[in-house]
**Student:** 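Following this message is one structure expressed as structure tokens.
In what follows, every heavy atom counts, from backbone to side chain, and hydrogens, waters and symmetry copies are set aside.
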Amino acid sequence: MKDVEKLLRGKIPCPETGIEVRKSICTICDPLTQCGLDLYVKDGKIIKVEGSKENPYSNGTLCSKGAATRQYVYHTDRLKTPLKRVGPRGSGNYEAISWDEALNTIAEKFKQIKQDHGPESVAFFSGYSKWFRPFLHRLAHAFGSPNYLTESSTCYQAMGMAQKLVFGLPGGPDIKNAKCLLIWSANPFHSNTGNVLPILKAKEKGLKIICVDPRHTPTAAQADIHLQLKPGTDGALALAMANVIINEELYDFDFVNNYTYGFKEYKEYVQEFTPEKAEEITGVAARKIRDAARLYAGTKPGCIMPSASPVVHHTNGVQNYRAVFSLAGLTGNYDVYGGNLVQPMSFLYITGGFLTRADEFVHPKTWDELPPRVGEDRFPVWRELVDEAQSIHLPFQIQSGKPYPIKALIGFGLNYRMWPDSNFMRESLEKLDFFVNVDLFRTDSCQYADIILPACSSVERSELRCYAQRYVIYTQPVIEPLGESRDDASIITDLAERLGLDDPLFRQGYEACLDWILEPSGLKIEELKKHPGGMPLPQPLKIAEKKYSQKGFATPSGKLEFVSTRLQKYKETFGYEALPAYNHPKHSAAETPELAEEYPFILNTGSRLPMYVHTRTFRLPWTRSLRPQAAADIYPSDAEKLGIKQNDDLKIVTPKGSIRVKANLTKIGQPGVIYMYHGYSEADVNGLLEADYYDPISGFPGFKSFLCKIEKA
Ligand SMILES: Nc1nc2c(c(=O)[nH]1)N[C@H]1C(S)=C(S)[C@@H](COP(=O)(O)OP(=O)(O)OC[C@H]3O[C@@H](n4cnc5c(=O)[nH]c(N)nc54)[C@H](O)[C@@H]3O)O[C@H]1N2
Ligand SMILES: Nc1nc2c(c(=O)[nH]1)N[C@H]1C(S)=C(S)[C@@H](COP(=O)(O)OP(=O)(O)OC[C@H]3O[C@@H](n4cnc5c(=O)[nH]c(N)nc54)[C@H](O)[C@@H]3O)O[C@H]1N2
Ligand SMILES: [Mo]
């Protein structure tokens with residue numbers, strides 16, 4: 001074999017082969033996991049994918065999704081041109097149109113609706129993708145619509161609300177400096193792989209770990225104590241831990257006396273939650289609850305690692321997490337090194353160690369200058385604490401037209417299967433006068449759009465990302481955008497222009513906007529471009545601890561609130577309880593015994609599988625081969641009672657409907673609970689939920705505890 005041929009077969013980057021290695025990041029998961037990519041490119045095509053060693057988050061590793069980048073980027077489902085619907089909605093009949101025609105049609109439609117119904121009748125939605133969000137947010141508000149909506153109405157925000165209610169400002173786990181880590185429902189081994197190594201390293205140095213999870217996960221396997229509770233009973237468990245910490249006088253007297261509000265009432269309330277009572281509710285042995293409380297309160301500093309979703313995917317989610325975060329209040333573990341440390345958000349939900357003007361950027365108008373947002377009459381505390389409209393309420397408002405009609409919607413990666421009662425959301429899309437969806441792929445949701453726009457993937461464009469490891473990257477395109485696909489940010493700025501929004505900053509384009517946002521940090525896009533693989537932050541902010549001792553807490557009382565003065569205001573009107581009160585999930589054996597008799601299993605949906613991220617990687621052969629069919633996890637003893645064997649077809653049935661999936665017999669969970677991943681077209685578990693099965697404080701759907709029965713199909 002000739003030398004060059006050998007080099008080519010080995011995909012060796014060198015002048016002889018014409019193969020170049022270019023840097024990028026993987027944004028198939030987005031935004032906490034953004035692993036570094038080394039992409040081998042020949043003749044404008046990616047021929048090989050590796051992890052980037054210099055990336056401090058992923059350290060050269062890639063998961064199955066990132067390894068399948070070529071299958072993702074070059075998939076035949078990729079949209080290549082703008083499309084216009086020519087048949088009835090859902091028929092799938094589209095014809096290709098030019099970008100000019102597409103964007104002009106959208107702009108004309110939006111302007112007409114604004115004139116006839118007001119700007120609030122046009123809604124702007126972002127699915128799970130995050131990179132373009134500040135641009136979409138600015139577009140909505142500049143247009144005059146308060147209805148910037150995102151997937152974060154099912155993710156992160158409710159956990160953030162719970163923290164804001166207790167602390168004022170949220171604090172993240174400072175694992176590096178901690179002696180005890182209380183992981184309250186997170187499984188980074190599957191969901192956030194770059195966080196695993198820091199935990200394992202700290203454990204080698206003696207970090208104690210408590211893990212609260214209904215399943216035996218790889219994370220739980222690392223724990224000194226695993227509290228395997230019943231889904232949705234987190235509040236009762238946390239209140240019982242508080243009971244032990246208070247009654248055994250393990251709490252931080254100084255902190256509680258000087259900096260907290262409502263301790264007396266809280267102390268009284270937790271008396272009800274003895275470990276024995278909590279054992280009945282949660283299924284966790286009283287002895288273990290005591291051990292965990294003593295370990296967390298006695299091993300300082302200790303931090304709580306929460307998650308964006310599982311605890312708040314319950315009808316009692318915000319209150320449950322308030323009970324959990326109150327433990328940091330009791331022990332003085334808030335805003336201290338090794339505890340839950342407050343850091344400024346830099347960009348796209350990441351505390352990267354620098355300041356930006358991102359908040360100012362998204363608010364060309366203040367909320368006071370805008371009409372009321374979707375859901376704000378329903379969720380008043382959301383309105384006070386969250387900087388966007390509530391998406392879960394969107395289909396209700398489309399259907400009712402109250403308090404005002406929603407006529408048009410543009411989605412950037414809108415997937416109707418994200419919503420509880422996904423069919424209700426799909427029907428709502430059909431009711432709109434005008435619906436546009438922007439996506440990489442021709443998805444089920446695109447079939448209901450009047451216009452579909454093709455977005456390009458992260459390796460075909462640039463984007464700014466930062467890391468908690470004090471590292472920043474501004475990526476550059478590795479290949480040309482496929483077909484006529486374009487990056488979301490330029491679609492947004494182009495649309496702003498055609499809408500006649502007089503926005504000089506937008507007009508200068510993505511990079512100029514980023515420079516404006518980055519101004520307080522001293523970072524410049526030109527400089528970042530010189531470091532294609534990213535660079536360490538030149539001058540990271542020094543984060544002080546105990547900032548509250550000077551500034552107080554950003555709560556209405558100025559103290560850390562065991563009793564929430566913000567919730568108290570809505571006691572009469574909305575029935576919100578000011579204490580972190582425990583109520584059972586709305587549908588449960590305790591609350592609805594008759595329903596539970598017919599539907600005896602708890603259905604818990606969406607625990608992350610390592611090879612899938614929502615609906616994004618089902619279509620990739622490599623990832624799909626790792627779990628080819630939609631399957632539900634069922635405990636072997638439950639399966640046996642029902643005569644179900646491994647890989648049998650079973651039906652999951654709720655009052656709302658049924659789906660057919662394979663049985664996966666496993667002891668990862670517990671008897672009486674069925675686990676099922678979300679997002680499958682052929683077995684959409686969100687079709688089994690009521691649209692209004694949600695937490696009355698946050699509006700977050702109760703994805704992780706509703707009732708079902710199992711039948712052998
Ligand atoms: N039952 C149940 N339901 C759940 C959950 C659960 O645990 N259980 N989890 C909830 C949570 S936490 C979340 S975050 C949501 C996620 O909900 P979704 O937003 O539905 O998540 P995805 O399917 O990842 O992304 C939506 C679309 O974005 C497209 N997309 C990808 N990249 C881009 C891009 O760069 N630009 C554009 N324009 N589009 C892009 C994808 O192709 C996809 O069609 O689901 C929620 N739903
Ligand atoms: N591979 C992969 N990674 C992902 C995603 C993905 O879809 N795939 N999605 C991303 C997104 S949008 C999010 S929000 C994060 C979520 O990240 P994580 O929260 O870490 O992941 P999950 O698997 O959803 O939930 C973590 C654990 O919560 C447990 N759990 C379920 N119900 C309860 C409960 O009632 N109480 C308690 N205490 N624990 C419970 C589950 O058993 C699970 O092991 O993952 C992100 N990373
Ligand atoms: Mo999420």
Side-chain angles (χ1 to χ4, degrees), residues 1-30 33-81 131 193-194 440-441 454-465 467 471-487 490 511 525-536 611 613 616-617 619-626:
M1 209 192 305
K2 280 206 214 100
D3 282 353
V4 178
E5 260 174 56
K6 276 191 197 162
L7 291 168
L8 276 169
R9 278 187 62 183
K11 299 186 181 166
I12 306 299
C14 59
E16 290 88 320
T17 57
I19 297 170
E20 262 183 73
V21 178
R22 296 192 190 150
K23 301 282 173 185
S24 192
I25 53 171
C26 176
T27 60
I28 297 177
C29 306
D30 179 6
T33 33
Q34 38 206 43
C35 303
L37 288 177
D38 282 356
L39 298 170
Y40 290 61
V41 179
K42 181 167 167 57
D43 303 329
K45 232 182 141 177
I46 301 168
I47 58 163
K48 178 177 162 177
V49 179
E50 276 182 350
S52 273
K53 292 215 171 60
E54 75 261 47
N55 188 292
Y57 168 79
S58 51
N59 299 296
T61 61
L62 278 185
C63 78
S64 56
K65 295 172 255 109
T69 290
R70 294 174 62 227
Q71 295 180 352
Y72 187 78
V73 172
Y74 295 116
H75 200 279
T76 48
D77 286 355
R78 277 288 301 273
L79 291 160
K80 302 281 176 50
T81 66
W131 78 278
T193 44
L440 267 70
F441 304 101
C456 66
S457 76
S458 58
V459 299
E460 298 153 67
R461 55 167 164 79
S462 289
E463 72 183 282
L464 175 73
R465 292 279 175 166
Y467 293 82
Y471 197 79
V472 216
I473 183 168
Y474 183 71
T475 62
Q476 283 148 76
V478 165
I479 53 167
E480 291 284 313
L482 263 62
E484 290 173 37
S485 65
R486 289 179 62 182
D487 73 90
S490 75
E511 289 185 4
I525 295 298
E526 267 323 298
E527 181 58 29
L528 288 168
K529 278 185 179 170
K530 294 179 196 150
H531 307 269
M535 63 177 210
M611 69 299 260
V613 52
R616 292 178 181 203
T617 55
R619 57 169 74 74
L620 314 184
W622 282 3
T623 45
R624 191 70 187 211
S625 71
L626 297 170

**Student:** Quick one, His531 and Tyr471 - any side-chain contact, counting heavy atoms below 4.5 Å?
**Tutor:**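 They are not in side-chain contact.
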**Student:** How long is the gap from NZ on Lys65 to OG1 on Thr623, to the nearest 0.5 Å?
**Tutor:**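 The OG1 atom of Thr623 is 9.5 Å from NZ of Lys65, to the nearest 0.5 Å.
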**Student:** Are the side chain of Ser52 and the backbone N or O of Gly60 linked by a donor-acceptor pair below 3.5 Å?
**Tutor:**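 Absent.
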**Student:** Which heavy-atom pair separates Cys35 from Tyr57 by the least distance, and what is that distance?
**Tutor:**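 Heavy-atom minimum between the residues: SG-CE2, 3.8 Å.
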**Student:** Quick check: do Met611 and Thr617 have side-chain heavy atoms less than 4.5 Å from each other?
**Tutor:**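 No, side chains not in contact.
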**Student:** Taking atom types as modelled, is there a side-chain donor on Tyr40 or Glu50 under 3.5 Å from an acceptor on the other?
**Tutor:**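 Yes, a side-chain donor-acceptor pair sits under 3.5 Å.
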**Student:** Using a 3.5 Å distance criterion without hydrogens, assess whether the side chain of Lys11 forms a donor-acceptor pair with backbone atoms of Ile47.
**Tutor:**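 Pair found, side chain donor or acceptor close to backbone of Ile47.
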**Student:** Given Leu440 and Val73, is the side chain to side chain contact (heavy atoms under 4.5 Å, CB included) satisfied, shown in steps?
**Tutor:** CA-CA 9 Å; Leu440 267 70; Val73 172; over 6 Å; no
**Student:** Tell me, please, which residues at least two apart from Tyr72 pass ring pair (Phe, Tyr, Trp, His ring centres under 6.0 Å).
**Tutor:**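 Here the qualifying residues are Phe441.
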**Student:** Rounded to the nearest 0.5 Å, what separation is found between the CZ atom of Arg619 and the CG atom of Asp77?
**Tutor:**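 Between Arg619 CZ and Asp77 CG, I get 5.0 Å after rounding to 0.5 Å.
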**Student:** With rounding to the nearest 0.5 Å, note down the distance linking CG in Leu39 to CD in Glu20.
**Tutor:**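 Going from the CG atom of Leu39 to the CD atom of Glu20 covers 12.0 Å.
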**Student:** From Leu528 CG over to Gln476 CD, what is the distance, rounded to the nearest 0.5 angstrom?
**Tutor:**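 Here the interatomic distance stands at 9.5 Å.
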**Student:** Measuring only between side-chain heavy atoms, which start at C-beta, is Arg22 closer than 4.5 Å to Pro532?
**Tutor:**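 A side-chain contact under 4.5 Å is absent here.
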**Student:** How close do Thr81 and Pro454 get, counting heavy atoms only, and between which atoms?
**Tutor:**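 Closest heavy-atom pair between Thr81 and Pro454: C-CG, 3.5 Å.
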**Student:** Restricting to side-chain contact (heavy atoms from CB on, under 4.5 Å), what partner residues turn up for Thr475, sequence neighbours left out?
**Tutor:**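 Per chain and number, Thr475 pairs via side-chain contact (heavy atoms from CB on, under 4.5 Å) with Ser24, Ile25, Glu463, Ile473.
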**Student:** Check whether any side-chain heavy atom of Thr69 lies under 4.5 Å from a side-chain heavy atom of Leu37, and answer yes or no.
**Tutor:**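 They are in side-chain contact.
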**Student:** Nearest 0.5 angstrom please: Ser457 OG to Ile479 CD1, how far?
**Tutor:**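 The OG atom of Ser457 sits 6.0 Å away from the CD1 atom of Ile479.
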**Student:** Shortest non-hydrogen contact from Ser58 to Gly36?
**Tutor:**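 That would be OG-N, 3.0 Å.
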**Student:** Hey, could you give me the OG1/NZ distance between Thr61 and Lys53, rounded to the nearest 0.5 Å?
**Tutor:**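 That separation rounds to 10.5 Å.
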**Student:** Determine yes or no for a side-chain-to-main-chain donor-acceptor pair under 3.5 angstrom, with Arg70 supplying the side chain and Val49 the backbone.
**Tutor:**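 A pair under 3.5 Å: no.
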**Student:** State whether Arg78 and Glu460 are salt-bridged, where the test is any N-O pair (Lys NZ or Arg NE/NH1/NH2 against Asp/Glu carboxylate O) under 4.0 Å.
**Tutor:**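 Glu460 and Arg78: salt-bridged.
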**Student:** Would you find a donor on one side and an acceptor on the other, under 3.5 Å apart, between the side chain of Tyr74 and the backbone of Ile46?
**Tutor:**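 Indeed, once roles are kept as given, a pair shorter than 3.5 Å links the two residues.
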**Student:** Considering the options Glu511, Lys530, Arg465, Lys529, which one meets the side chain to side chain donor-acceptor pair (under 3.5 Å) requirement together with Tyr474?
**Tutor:**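 With Tyr474 as partner, Glu511, Lys530, Arg465, Lys529 yield a single side chain to side chain donor-acceptor pair (under 3.5 Å), made by Glu511.
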**Student:** Which pair of heavy atoms, one from Leu482 and one from Ser485, lies closest together, and at what distance?
**Tutor:**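 Minimum heavy-atom separation between Leu482 and Ser485: O-OG, 2.7 Å.
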**Student:** Restricting to pairs with a member in residues 34-45, which pass salt bridge (charged side-chain N to carboxylate O under 4.0 Å, His left out), not counting sequence neighbours?
**Tutor:**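 Every salt bridge (charged side-chain N to carboxylate O under 4.0 Å, His left out) pair that includes a residue of residues 34-45, provided the two are not neighbours, is Lys23-Asp38.
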**Student:** Looking at Arg616 and Cys29, would you say the former's side chain and the latter's main chain have a donor-acceptor pair under 3.5 Å?
**Tutor:**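 Between the backbone of Cys29 and the side chain of Arg616 there is no qualifying donor-acceptor contact (under 3.5 Å).
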